[in-house]
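Numbers restart at 1 for each chain; the letters A, B, ... are given by sequence-line order, proteins then strands.
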Amino acid sequence: MKQSQLFAPTLRETPNDAEVISHQLMLRAGYIRQISSGVYTYLPLAFRVIKKIEQIVREELDAIGGVEMLLPTLVPADLWKESGRFSTYGPEMMKMEDRNQRDFILGPTHEETFTKLIRDEIRSYKQLPLHLYQIQTKYRDEKRPRFGLLRCREFIMKDAYTFHDSEESLNEMYVQIRNAYKNIFERVGLNFQVVTADAGAMGGRESQEFMALSSIGEDTIVYSTESDYVANLEMATSKFRKKTNTAIKHDKELSHTPDMKTIEEVANYLNVPTRQLLKAVLFVADEQTPVMAIVRGDHEVNEIKVRMAVNAQEIAPATDEQIKELFDDLPAGFVGPVDVPEAVAVVADLYVQNMVDAVCGANQKDHHYINVNPGKDFEPEKYADIRMVQEGDESPDGEGVLKFSKGIEVGHIFKLGTRYSESMNATVLDKNGRNIPIIMGSYGIGISRLLSSVVEQNADDQGIVWPTSIAPFDIHIIPIQLKNEDQAQLASELVELFEARGYDVLLDDRNERAGVKFNDAELFGIPLQITIGKKASEGIVEVTIRKTGEMVETKKEDILDTISILTSRD
RNA sequence: CGGGAAGUAGCUCAGUUUGGCAGAGCACCUGGUUUGGGACCAGGGGGUCGCAGGUUCAAUUCCUGUCUUCCCGACCA
């Protein structure tokens, strides 16, 4: 392809709207342009990379029996009302009306649409299992789009759905897909981790996320220094060691703590460490049951774990009004587990068991209790792991300690179970002729997010540095002086030679100065540059490796060998 | 949704304090000279100063409202 025909407007300066490297470079190198907040045009270079990523995805999924198809982006809202997600998914949905005032949404994901299709078309367990996937533009009206392609309102996603008549079948497929995902992310050259994740939000059971390691990631990955334990922060646990408390427990006393609402204020006022306090946080589970979560003062409550501990579908922090209602106008800050109202379920973290003579809110304005002891002064309905792990905690397998790093979620796989098939009545007849709900899985890869994650991990001061597997072109041919006949001749010879061998070749046929061409080439990030200069008359060119900057001179007769040696080394 | 910042040429940004002809560099067009790391000379084109209203003889500049974009947080996955 001739560069004069490629639409790749490069920018000398960094546009002021771009903060992170991948965003800056994709703008500067002429890969993308913004059209609105969180909405981008993919220019030819980006589109070529996307097609290469998609090709890898297709190869890996087809290899395990996945079948590609395409669903509409436009989805009638009624389907989402059936599953119940129309109300729970909330303002993230792009909503619209047609001319007859019928409600539609632009699909943020397609569990409903697939479930309806399968419900209507599949009758017998004999037609299962099925693994269907699509690569499609999705819409989520993010509150805050950010970081270029990393968090967009319109983005490209590969979503797959599987349908089964048994858990075994689902489990088998889940493992196959997980392996396919690993292959995909390895092939595109991503540095990633597979972590245990929360499946609850999608209404399922087991779930794992594929995280691109990156300092700009919005998710926290927890890993062990010694073992291979890795988890999403939401799901991470640590080793809890219960102490046998021999310390003398004192009787609880009421203490006056005027206006002391926060953990720090109370700890300072009473001159005790924060770890001596009981932190009480109120939630409402499934919009009805109040839940008091108790953790040690220096710990944080993990909302997801609370939700799992009380077996709720969803959970939300209690509002100030709800707290006042339950606790008789008590200002937040003085609630505690002693003598809680009947309606409130109390769940305490495991570490609370180890506490002696703790301090907690007295459920009276301006008062805390001191010398409170679990088991003596209060008894939670349940002890469970409901706290956020902290760096330095012992790994749950007892090997090493936990550390944190940041990651970008580029893939997510869920065992959905019957969450959608039950609410939408998708059943098949089993061997005994009885209706059973179809068991489902769903699996996603953020294609456009993957593109920017790879750039985030593969760039230097000069520009992008593509892994060879998804580079927009394999070889960038740069004649310094196209007017020079030797150079022009040699350039077109090489283009033909490489294209005949199946390489994607970009020829910089522009009448630009060498510096401009080199700078653009470095921005583009094509793995190999072939510079044709003065020695063209002798049939000698330079091959430069974008990644290392290494340059070798080679005769045109040897160029194929040189290139295959250089590429195989990668 | 809370906090912060910014909207002036395609891009980066001055000018606004103290109201008085709309600016620079890069980019673009024409001609010429150049040609191995973002050339040079000469000439030229390009603006609803985000939008609306107000104050004023006069508003890019002051006031009010509003829209958009970015950042931090919350939220979401």
Query - Of the listed nucleotides G36(B), U12(B), C76(B), the one nearest the side chain of R151(A) - result: C76(B)

Query raised in the report: If only side-chain N and O atoms of S37(A) are considered, is one of them under 4.0 Å from the OP1 or OP2 phosphate oxygen of C70(B)?
Result: yes

Report task. Please state the P separation for the pair A22(B) and G4(B) - nearest whole angstrom. Result -> 34 Å

Report task. Would you tell me if any nitrogen or oxygen in the side chain of R513(A) comes within less than 4.0 Å of OP1 or OP2 on U33(B)? Result -> no

Report summary line: Picking from C11(B), G37(B), G38(B), the nucleotide nearest the side-chain atoms of P15(A) would be C11(B)

**Report entry** Assigned partner base of A24(B), Watson-Crick or wobble definition, under 3.5 Å
**Finding:** U12(B)

Query raised in the report: Taking the same atom, C1', in G50(B) and in C70(B), what whole-Å distance lies between them?
Result: 15 Å

Query raised in the report: Hey, does E142(A) reach any base, or is it just sugar-phosphate, or nothing, if we go heavy atoms under 4.0 Å?
Result: base

Query - Whole angstrom value for the distance that separates P of A27(B) from CG of D520(A) - result: 12 Å

Query raised in the report: Is any N or O donor-acceptor pair between the side chain of E522(A) and the base of G38(B) shorter than 3.5 Å?
Result: no

Query raised in the report: Base, sugar-phosphate, or nothing for K534(A), non-hydrogen atoms under 4.0 angstrom?
Result: base

**Report entry** Gap between atoms CZ and P, on F518(A) and G37(B) respectively (whole Å)
**Finding:** 7 Å

**Report entry** E391(A) CD: over 12 foreign heavy atoms closer than 6.0 Å
**Finding:** yes

Report summary line: Across every strand shown, the nucleotide meeting Watson-Crick or G-U wobble geometry with U18(B) (both distances under 3.5 Å) is none

Report task. Name the nucleic acid region contacted by R449(A), choosing base, sugar-phosphate or nothing; use a 4.0 angstrom heavy-atom cut-off, strictly under. Result -> nothing

Query raised in the report: In terms of ring plane angle, is the pair Y89(A) and W80(A) parallel, tilted or perpendicular, where the classes change at 30° and 60°?
Result: perpendicular

Query raised in the report: Can you find a pair of side-chain heavy atoms, one from V347(A) and one from V306(A), that are under 4.5 Å apart?
Result: no

Query - Charged N-O contact under 4.0 Å between E82(A) and K116(A) - result: no

Report summary line: Applying the 3.5 Å cut-off to both distances, the Watson-Crick or G-U partner of U30(B) turns out to be A42(B)

Query raised in the report: Name the one of R151(A), R449(A), K406(A) that satisfies salt bridge (charged side-chain N to carboxylate O under 4.0 Å, His left out) with E218(A)?
Result: R151(A)

Query - K483(A) side chain, from C-beta outward: closest of G36(B), U34(B), C11(B) - result: U34(B)

Report summary line: Among the nucleotides A77(B), C13(B), G38(B), whichever has the atom closest to the side chain of N16(A) is C13(B)

Query raised in the report: In terms of side-chain geometry, is the basic nitrogen of D298(A) or R387(A) positioned less than 4.0 Å from the acidic oxygen of its partner?
Result: no

Requested in this report: Would you jot down, in residue-number order, the residues of residues 453-463 of chain A having a non-hydrogen atom under 4.0 Å from RNA chain B?
Outcome: none

Query raised in the report: Taking the side chain of D17(A) as its heavy atoms from C-beta onward, which of U69(B), G37(B), A77(B) lies nearest to it?
Result: U69(B)

Query raised in the report: What integer number of Å spans the C1' atoms of G53(B) and U69(B)?
Result: 23 Å

Requested in this report: Take the protein atom CG of N484(A) and the nucleotide atom P of G36(B), then report the distance between them rounded to whole Å.
Outcome: 12 Å

**Report entry** Phosphate OP1/OP2 of C72(B) contacted by R146(A) side-chain N/O (<4.0 Å)
**Finding:** yes

Report task. Would you mind telling me which of G37(B), C75(B), C70(B) lies closest to the side-chain atoms of K143(A)? Result -> C75(B)

**Report entry** Separation of S453(A) OG from F185(A) CZ (nearest 0.5 Å)
**Finding:** 9.0 Å

Report task. Test for a donor-acceptor pair under 3.5 Å between the base of G38(B) and the side chain of R510(A), counting only N and O atoms. Result -> no

Report task. Side chain of E542(A) only, please: which of A77(B), G36(B), G38(B) is the nearest? Result -> G36(B)

Requested in this report: With heavy atoms under 4.0 Å as the rule, sort E409(A) into base, sugar-phosphate or nothing.
Outcome: base

Report task. Give a yes/no answer on whether the side chain of N511(A) brings an N or O atom under 4.0 Å of OP1 or OP2 in U35(B). Result -> no

Requested in this report: Would you indicate whether E325(A), at its atom CD, is surrounded by more than 12 heavy atoms from other residues, nucleotides or ligands within a distance under 6.0 Å?
Outcome: no

Requested in this report: Give, for atom CD1 of I105(A) and atom CE of M93(A), the distance between the pair rounded to the nearest 0.5 Å.
Outcome: 5.5 Å

Report task. Write down the distance separating the P atoms in G45(B) and U30(B), rounded off to the nearest Å. Result -> 15 Å

Query raised in the report: Quantified in whole Å, what is the P atom distance between nucleotide U34(B) and nucleotide C41(B)?
Result: 15 Å

Query - Non-neighbouring partners of R153(A) that pass salt bridge (charged side-chain N to carboxylate O under 4.0 Å, His left out), sequence neighbours left out - result: D141(A)

Query raised in the report: OP1 or OP2 of C11(B) sitting under 4.0 Å from any side-chain N/O of T14(A)?
Result: no

**Report entry** Length of the line joining L11(A):CG and A9(B):P, which is rounded to integer Å
**Finding:** 15 Å

Query - Nucleotide A77(B), atom C1' - distance to CD1 of I408(A) in whole Å - result: 14 Å

Requested in this report: Please state how far atom CD1 in I540(A) lies from atom P in G36(B), giving the value in whole angstrom units.
Outcome: 19 Å

**Report entry** Short side-chain N/O contact from R144(A) to OP1 or OP2 of C72(B), under 4.0 Å
**Finding:** yes

Query raised in the report: Would you say the base of G25(B) and the side-chain of E13(A) have a donor-acceptor pair closer than 3.5 Å?
Result: yes

Query raised in the report: Which of these passes side-chain hydrogen bond (donor to acceptor under 3.5 Å, both in side chains) with D520(A): R510(A), Q3(A), R28(A), H476(A)?
Result: R510(A)

Query raised in the report: What is the nucleic acid contact for N519(A), judged by heavy atoms within less than 4.0 Å: base, sugar-phosphate only, or nothing?
Result: base

Query - Rounded C1' spacing from G20(B) to U33(B) in Å - result: 44 Å

Query raised in the report: Under 4.0 Å between a Lys/Arg side-chain N and an Asp/Glu carboxylate O for E111(A) and R419(A)?
Result: no

Report task. Using whole Å, report how far CG of L150(A) lies from P of C71(B). Result -> 11 Å

Query raised in the report: Within the structure shown, what part of the strands sits under 4.0 Å from F155(A) by heavy-atom distance: base, sugar-phosphate, or nothing?
Result: nothing

Report summary line: The answer to which of M551(A) and P317(A) contacts RNA chain B further toward the 5' end, by nearest nucleotide, is M551(A)

Requested in this report: May I have the distance from D141(A) (atom CG) to C1(B) (atom P), rounded to whole angstrom?
Outcome: 11 Å

Query - Base-pairing mate for U60(B) - Watson-Crick or G-U, with both contacts under 3.5 Å - result: none

Query raised in the report: Counting side-chain heavy atoms from CB outward, which of A77(B), C72(B), C26(B) is closest to R12(A)?
Result: C26(B)

**Report entry** Who pairs with A5(B) - Watson-Crick or G-U, where each distance is under 3.5 Å
**Finding:** U69(B)

Query raised in the report: What distance, rounded to whole Å, do you find between the two C1' atoms, one in C57(B) and one in C62(B)?
Result: 16 Å

Report task. Using the C1' atom on both, measure A6(B) against A14(B) and round to a whole Å. Result -> 15 Å

